[in-house]
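Whatever order the structure lists ligands and atoms in, that order sets their numbers, starting from 1. Heads up: numbering here begins at 1 and tracks the sequence.
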Amino acid sequence: MRPLIAGNWKMNGTGEALPRIAALAESLKAEPARADVLICAPFTLVSRAVATVAGRIPIGGQDCHPLPSGAFTGDISAEMLQDAGAVSVIVGHSERRQYHHETDELVAAKAEAAWRAGLTAIICIGETEAQRDAGHADKVVRRQIMASVPPAARPANTAIAYEPIWAIGTGRTPSLADIAAMHAVIRNTVENRCGGEGRGIRLLYGGSVNPANARDILSLPDVDGALVGGASLKAEDFLAIIHAVPRDL
Ligand code: PEP
């Protein structure tokens, strides 16, 4: 399985950031990645980012509406993202679940919308700190998978990002043992949900991945890549994370 290192720029970046993407593409030409690389840019940058990298780095979006079009002011459909040149979209990020009250059912509908438009869905799941402290992390994550990953998820159309909410943007990460244990739970649950095909779906870890911890995290079993927020905004750090993919993955 070829790992995936995806950057989530969140609500950061204007046209001034495009040279950063161009520089990243140049660096990857000089030293090719041992992973697939993706940048999930703000909507306003998607088509310009696509033009800037001219197919060298795939570009994704960060959210989509479940429907292809309609009276939904301010929303963007998966078809619109595809039209702008995106190949992928994040759905169910914890910031969407928290600030926009997105439910598992809505997240599943968004994943299906992504597929309908020919995009890969990166479906995010992860527990809060209180849920982990109460010993409920496994149960919460299993429930999220059963409700927000449609059974038709396949390796070619889906990646699942495990992002413990308390680790996002905080500089704190679970122990390596905890990440490995959770990814084993996720693999097992995804296989239950999607059948044998679930074995090939990439499971990304996300939450304060940085150049210093990336190699250890990416070396864990059933960690098939990373979803990187803050560190993806600095080309140097993102490159270091990309090149931290172990040779023998
Ligand atoms: C994210 O928002 O998906 C994320 C993982 O953020 P960070 O890497 O900054 O913790």
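- The pair Glu127-Lys139 fails the salt-bridge criterion, with no side-chain N (NZ, NE, NH1 or NH2) lying under 4.0 Å from an Asp/Glu carboxylate O.
- Taking a cut-off of under 4.0 Å to the non-hydrogen atoms of Gly230, the atoms of ligand 1 that pass are 7 (P), 8 (O), 9 (O).
- The Leu227 neighbourhood of ligand 1 comprises atoms 3 (O), 5 (C), with distances under 4.0 Å to a heavy atom of that residue.
- Note on Leu220: it clusters hydrophobically with Ile186, by side-chain heavy-atom contacts below 4.5 Å among ILVMFWY residues.
- You'll find the side chain of Arg56 stays beyond 4.5 Å of the side chain of Val37, heavy atoms only.
- The CD1 atom of Ile5 sits 12.5 Å away from atom CD1 of Ile39, with the distance rounded to the nearest 0.5 Å.
- Within a 6.0 Å sphere centred on CD of Glu236, heavy atoms belonging to other residues, nucleotides or ligands number 12 at most.
- In this structure, of Ala167, Gly7, Gly229, the residue bringing a heavy atom nearest to atom 8 (O) of ligand 1 is Gly229.
- Residue contacts with ligand 1, taken as heavy atom pairs separated by less than 4.0 Å, involve Asn8 solely via side-chain atoms from C-beta onward.
- Note: no N/O pair closer than 3.5 Å links Gly207 and ligand 1 by distance alone.
- For atom 3 (O) of ligand 1, the nearest non-hydrogen atom of the protein is Glu163 OE2, 2.7 Å.
- Contacts of Ser232 with ligand 1, taken as heavy-atom pairs under 4.0 Å, are absent altogether.
- Not one N or O of Thr170 is nearer than 3.5 Å to an N or O of ligand 1, by distance alone.
- By the 30° and 60° cut-offs, the orientation of the rings of His183 relative to Tyr205 is tilted.
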